[in-house]
Structure formats: C-alpha cells, structure tokens
There are 2 protein chains.
Amino acid sequence: MEVRQGMAAESRMETCLLIIFGATGDLTFRKLLPALYQLEKKKELHKGFGVVAVSRKDHTLKEYLQKAKEAVKTHTSEEFQDSIWKRLNKRIQYQSLEFNNEGDYESLRGVLKELDREIGARGNRLFYMATSPKFFGEISKHIQKKDLYSKKRGWKRLMVEKPFGRDLSSARELNEALTEAFKEEEIFRVDHYLMKEMVQNLLMIRAANQIFEPTWNREHIDHVQIISTESEGVGNRGEYYDQAGALRDMVQNHMLQMLALTAVELPGNLIAKNLRKEKIKILQSLIPFKEVSIEDQMVLGQYEGFREEMGVSEKSSTETYAAIRVFLDHPRWLGVPFYLKTGKGLKEKAARIVIQYRLPMGSCCLGETKEIEEPNRLTINIQPQEGVVLSFNTKQPGTLDTIMPVSMDFCQNCLIGMNTPEAYEKLLGDAIKGDQTSFTHWEEVEAAWKWSDTLINWARKYPWMIKSYEKGSRGPEDAPDLVNREPGRKWL
Amino acid sequence: MEVRQGMAAESRMETCLLIIFGATGDLTFRKLLPALYQLEKKKELHKGFGVVAVSRKDHTLKEYLQKAKEAVKTHTSEEFQDSIWKRLNKRIQYQSLEFNNEGDYESLRGVLKELDREIGARGNRLFYMATSPKFFGEISKHIQKKDLYSKKRGWKRLMVEKPFGRDLSSARELNEALTEAFKEEEIFRVDHYLMKEMVQNLLMIRAANQIFEPTWNREHIDHVQIISTESEGVGNRGEYYDQAGALRDMVQNHMLQMLALTAVELPGNLIAKNLRKEKIKILQSLIPFKEVSIEDQMVLGQYEGFREEMGVSEKSSTETYAAIRVFLDHPRWLGVPFYLKTGKGLKEKAARIVIQYRLPMGSCCLGETKEIEEPNRLTINIQPQEGVVLSFNTKQPGTLDTIMPVSMDFCQNCLIGMNTPEAYEKLLGDAIKGDQTSFTHWEEVEAAWKWSDTLINWARKYPWMIKSYEKGSRGPEDAPDLVNREPGRKWL
C-alpha cells in the first residue's frame, strides 16, 4: 500500500533540479526544507529530483547539511526520522554564490549540469527566490544571461516569494525584470494563503454543493467578512514590518486573494487558466475608495508598544491593524460589502471567511411577536481551526414559534488521520507538477496593487487615522466600527 | 423563576372543562393523563381548568383516581411526584355513562354545571373523543341534544382521535355527524405526528433560513423521502390493524401530513388559517395513480408471521408495508418525486424526512476526472433522534480536486436540558388555547382520503401485489425498488 501510494504520487511529480537562492535564510530553514522532508517522507519526490542550495555563505556541503538537518529537526512537529533525512540528504548540493558575481553563476551552471546528468533531471529547472526581494531582479537576469537552463531541453520555472514590489510601480519594475528571463506561464508567484487547505476548499464548497452556489450572490448574501488576525506582535520582523505595514503585508496580497476566491465567478472547469482569468476580473472590479469619506471605508491602528519593538522607528506611524469595507463593481455583488480585518497584537489568532446571508422572507411574519434576529452564516475556518460552520434557525423545543439559532459544524482538522499538508509542501509540489492554479497571475498582482496603492498613500497622508490600541485588544476603540455600526451586522 | 414561568404559561391557557369520553381506555391512561400530569407539573393549567372523566365503567371517583394514578406512574418516564399528582387529582371528576343512554348525558350535564361553578370554567367545554370511532357520531349528537354546553356563555371545542373514517365515504358521514353539533373551527382533528417537535420544526427551518427556502423547489431538489418505519409488529393491535393496513394506518394521515408540510407554500403568516389553506392545496394536488403502471408507483408487503398475530385473520392479505412514489400537480414540485415508506416489522425504527438536492453545476467539470457522486441532503430526523443533518461536499485535505462527502449535524435531543414535550401535552395545550395550526382541516382529510381510496382499493383488488418479507428486514425483496432503480437515488 505504502509503495503503491508512493508510485502513484511520483508518477505525477516531475524530474527537476530545485535551485534555492537564499538557502541559509529563514524561509529555507523554517519552511522549504521541512516541506521537502515531508515530500520525501510521503515518497512524492521523483528519483530524478535534486536540490541545489545556493547562498552567499561560504559553507562546505557537509556544514550546510548539518545546519539543514538541525532546521528540519527544529521545524518538524512530528518525530524526526533519520532514515528519511538520509534519503533527502543525498539529493542536496550546496553552492556559495554572490548574487552579483558572474563567475559564481558560471560555477553554479557546472554544478547543475553535473547533477542533472547524475540523477536524470532531464534539463528541468525550478528556481526559488528565497532571498531578500532586492535581489530578485539581479538573480533573474543572471539566470538567463549565464544559461542556468537549457534552451533546447526541459522546462524552466521560477518561484517568487512575497513581497512582489512595495507599490504598483516597483511591482511593475520587478515584473519587467523577471519577464525578461521567464514567461508569465513560467512564473509561480507564491501566496501561501492560497495553499491553505480551507482556502483551497472554498472553491470546492461552492462548486460541489447545490445548497451553496445558487444562493452565492447579492440576492441572498448580506455581506462577507474576511478576517486574519494575530495575537503576537511583529517579533523579530520589526524592520521589515515598519517599512511594510498591515496594508502591504496582508491586505494587498492574502486578504485580497481570499476576497477574490470568495467572489469569483466559478469557471466551468477549475483549471488554472480559467480560474485566474476570473480572479483577475474580481480584483479589477474593486471599487476605489472615495477620499472624502475615507473614515467610512478604512480604520487603521497601531498597537501600543510597536514603536519600542526591535527595528521599528521611534516615531513610526505604520499601521499594524487595518479594517476595510469594500464593494465590487460586479453584477453578482453589487451593494454587498466585503469587510476585511487584519492586524497584529490582537485578542485572537484566527483566519476565517464568514458569509452572512440576508434575513429570510419569514423574518416579517413568523407568529405575531417573533422576529428572526440571527441570519444564516456560513463560516469557513482557515486557521488554527479548519472547517465549516453553518449557523441556522430552528424552533425552540416546546414552543410553537420561538426561534432558536443553532449551528452545525464540520471540523476538518478534527478528522482522525487527516494530516493536512503544510502550505509549502503543497506549493513546492504544485510547482514541480507545473500547476499554476494556486499561484497569482501578474494581472492579479497588478490589480491588487492599483487598488491598494491609494489606501497606502492615504494612510501616509492622514497619519491621524492611525489610532492606538492596546495589545491583546480587539483593535482601536476610538474609531468608528465599520461593521458594528450597521444594523444587523457585527464582527464575527 | 419557577413561579414566573408558571404565571406566564397560565396566562395563555384558558379556563375550561375537559370532558374525556373513553376515560378508562388505553389512550387516556397512556397518553392523556400523563400529558395532563406534565402540564400540571409545568404549572401550565389554569386554576379554572377541570377534567371530567367519562366511561361506561361503573367506578367510584376514588377507584378511578387510583387507576389514573397508577397509569401516570407507569407511563411517565421520570420519577413520579406525589405533590404534582395531588394538584391534578383535585381537578378530576368521574362520571359513568352509556353512550346511547340519554339519562346519563343529563346526569353529566349536572356534573359539568356544578364543576364549572365551583372552579370558574366560564362555560368553556373541551370534549375529547377517546373512544372507539364507532361512538363518535352518537356522542357528538348527544352533546348537542342534551345541552352539554351553554349556547350563551363560553366556547365549545371537540377533539377527535384518528381514524377519521376508513374511506372517503365513511369519513364524510362522520364529518357530517360531527358538524351537526360543531363548526369546523370548533373541531380539532388530532394527528399526533403534527405535534412532533421536528415536524413542527420543519416549517421553521424553511421559513427562518435564507439558505433553505430559496432552494426549496424543483430547480434545486431532486426528490424527497418521507420515512416512518417500526421494528415491532402489530402487538396487541392485531384486530384493528388487520382491518386497517399500512395505507389507512399511516399513509392517509401521518405520511401525507408530513408530505404536506414539506411541500406547502409558506404563507406570509404561519397562523392556522393560512397554513391549513395552503396544506389543502398540496393535498389536492396529489396526482392520482395510473392503474396500468401501479407497480411503478406502489410496493406493498406483509411481514412473515403477521397472520399468526392475535386478532389477525389466517388468510389476511392486509399490507404491513407500503412504499409509494407520488408527484404533485404543483408549479414548485413538477416532476419531483416524493417517496413514502412505512411499515411494521422492519429493520429500523425511525421517522425522517430527507430532501435530496440535485447534483450541483460543478458536477460536470471539477478537474478532469472527478465527479460529484453525493448530492447535498438535508435530513430532518423526527424520531427517535431529533435533529437536522446536512451532508455536503468538501475537498479531501491534501488533494487539489478530490471530493469528500461529509456531514454537519444538529442534534436537538442531545441538547442538555431540552426536554421536548410529548405530542399529547402539546395537543391538549393547543386545543385549550384554541390554536388549530397543528390539527387537520376537514378538506385536508377529504383530499387525503380521495387520493388514498384508490390505492387502498387497488391493494384489495390486486392481492398479488402484497409481497411477503422477513421480520427485521428492509421490506419485500422480490418487488421492484421504487427508489434504488433510479440513477443517483437510494433509500436513505
């Protein structure tokens, strides 16, 4: 059984060399290597698959492997199995390289050729940008210039981590740099939220259930909430975060991607090309904010103590909290508000999408004095819980017409034996297989930046908008609440 | 708290005398007295409420109360509390009466007047027919002729137990007899299924939930199953049952009532008059069977050993099992089959209504090789479980497009402290309050008999249709299965 599973999986996985730039960085140690370890454990890696770890550090292979092993041990929750590591271990080469040194790229080319011949990678190359984003352009240029792939044989693909630019113009610059070496269909822009089980499940829940999709529109839905909050502060990412802020760090990418998947018109066939085309339309339909009523559309905050965090400016006016109300210029969603909320140092660590339905027609006239107060809600819990909760109304037993709201739930991560794979395991797997469905298309990124740029500029232009809030609270108290002020709506 | 609850409840309950004909019968001892005990316990009975127990037996009040107390003790599941019984006890009078003896009715009139004056029942009279149905007409006639109520003061109401006739013509006769003494709005025809918590809940679930009502139609629903099966045989009711059969005993009344509540157009206000008007329309829209293809519409069976039961004829060809497929001539339900199944001596004891939705639009095109095999199903469990189960499709974790059917459920009788009241407690309460919502209108009974008469006649005309089945099985094996032969459908 074990063997057959392995074979079945391997047959879908392709041969290739994975070249990781930034192989001694946090991302590689915390995410990529543990994900590779899991793929190795599940026997999902093809025998023609090898890894070339590239970084500026002057390690020997042995030194690197020692560090890599420690990283996997630390960042794998289950018991570390030496036998699995030994299998993975054998696939890895290490190469030190200065990102602007042409000679180093030539050496790397030699290593790639040699390893490819040895394991039979068939010329396939998957480049992973796990460095600081300032090197993305430079590395991409050298990949092309120094022929790190064959023009005659195999494929080349590029995986790019966020942030993809820090505004529309820098994103365009970066994209131009990358597209000199790679075509759009070769670029895999990572948004790890798209790999989360329940985010991926969202489309299936819509498409595969006759009770949901026919009511998934303005006729039946009152509003949508998209929430992703963290209880911790910025930790050791203060310097980056002070430059970015919640709007860049979360809203422009993850939050808008979740919005897009919630709102997208389901194409007849959920393959990458069709789905991304529809997601682009949604992101292009985001209605721009009106500057005159900005307070009705956005609430920003900064948790107390943020300015004392390591790497953060003493006078920082960076937002660590953002709540946003946005509408779509789209026939399915006209007049339906999408509320986004994200932030750090908040009461709850949670990510979820909540669909609140309109009050039913029965609301006017069930008996004489009864009113329906709780509408139906479909909650897609993304993390830490994974699952679906549907709240609905039933009759209170023993009464004829008293309404009692109750809920039904399906808990995905409660299912025994359901080890939901980590995001990076899936995104490496999808890239090796060449499936772009859960990676963002350039036009999505562009539309998201277009809309977000205005918000970010106004956040800078009106620093008085950034309200202070207590760490561990629900956000700024002295700002109007975008949701609770509406009748029949509250943050969920 | 206890006191306030009592007062609140009492204020809705009216003063009246409940006159039970057949007060030493099974129904009174097993259902009515225990229900009165519960109402007393909950302090829901008005101080101006009294009971006059009437039967042909020559008991003293003391003897009757002794029997009544034993009956309550035996048929109340919780611990018997003497203090509650003492309160109820004081409300009860006993009167012996031959149903055809005019003098006895005159004596009864005296008892009623006396008790009314004593407790302040304000002339209100609630007559309960708990006798054999052959006496219903006679008793009704005497109630009027012997002035067992005042024409000037208070109200009069009549509660009638099933069976309401044994075919259309006898039902009409009975109704004519009753309506000589009582108006339609004074007649409370008991169908205890209508009092079951989840049957009553069905309307609320539809009316109070935006996710259900908009899809409650032929566009979204594939078919409906209404199931009420028992594992036991006929027990000591063999004589009655051999005369009745499953079609009369269950289909004509309970099954069609559940069908009516499932299919009914929800009126703007769910009060009795509106709702019953709509239920009549549904029952009148039942499409009559075609004799030529009767086997495609009805399967009948008799469990092995039925003919050996006490009171059953050795040559009985009475059906103890019936499965029926019926369509409605109604715009909401055109082409949607309603499958009914009922019987005794079957594998499972259960009553439920299942709404099976159509396969969703995504069924054609999720990925390349995947198909949705399980449609959404909403199951309303009526007994012994009470609750709602919704089965839906989700993505199998770790895959991109493998569909996994899962279910969410809300278990009503799992809720702590939710003692759902028994049917008879509610129907006595509703009749005392004058609420006819959950009692059947004559036109409902008439329409149900009209449709059922044909079935019953054909069951007699074609005795070869009655297939034998093993006790404890799922029903007759050598008959075509009305549901399973259809693609994508099976008994649930």
Checklist entry - In terms of ring plane angle, is the pair A:Phe212 and B:Phe392 parallel, tilted or perpendicular, where the classes change at 30° and 60°? => result perpendicular
Next on the checklist: Would you call the rings of A:Phe338 and A:Trp333 parallel, tilted or perpendicular, taking 30° and 60° as the class edges?
Outcome noted: perpendicular
Next on the checklist: Between B:Arg332 and B:Glu213, does any NZ, NE, NH1 or NH2 come within less than 4.0 Å of an OD or OE carboxylate oxygen?
Outcome noted: yes
Checklist entry - Does A:Leu492 have any side chain to side chain contact (heavy atoms under 4.5 Å, CB included) partners at least two apart in sequence or in another chain, and if so, which? => result A:Gln225, A:Val354, A:Gln356, A:Arg377, A:Lys490
Item to check | Portion of B:Leu390 that has a non-hydrogen atom of chain A nearer than 4.5 angstrom | outcome: both
Checklist entry - Of the backbone (N, CA, C, O) and the side chain (C-beta and beyond), which part of B:Asn376 lies under 4.5 Å from a heavy atom of chain A, both, or neither? => result side chain
Item to check | Residue selection (most heavy-atom pairs with chain A, distance under 4.5 Å) from B:Gly387, B:Pro375, B:Gly429, B:Pro214 | outcome: B:Pro214
Checklist entry - Crowded around A:Lys31 NZ? As in, over 12 foreign heavy atoms under 6.0 Å? => result no
Checklist entry - In terms of heavy-atom pairs under 4.5 Å, which option from A:Asn393, A:Ile205, A:Asn209, A:Thr394 contacts chain B the most? => result A:Asn209
Checklist entry - Given a strict heavy-atom distance threshold of 4.5 Å, which part of B:Thr215 is in contact with chain A: side chain, backbone, both, or neither? => result side chain
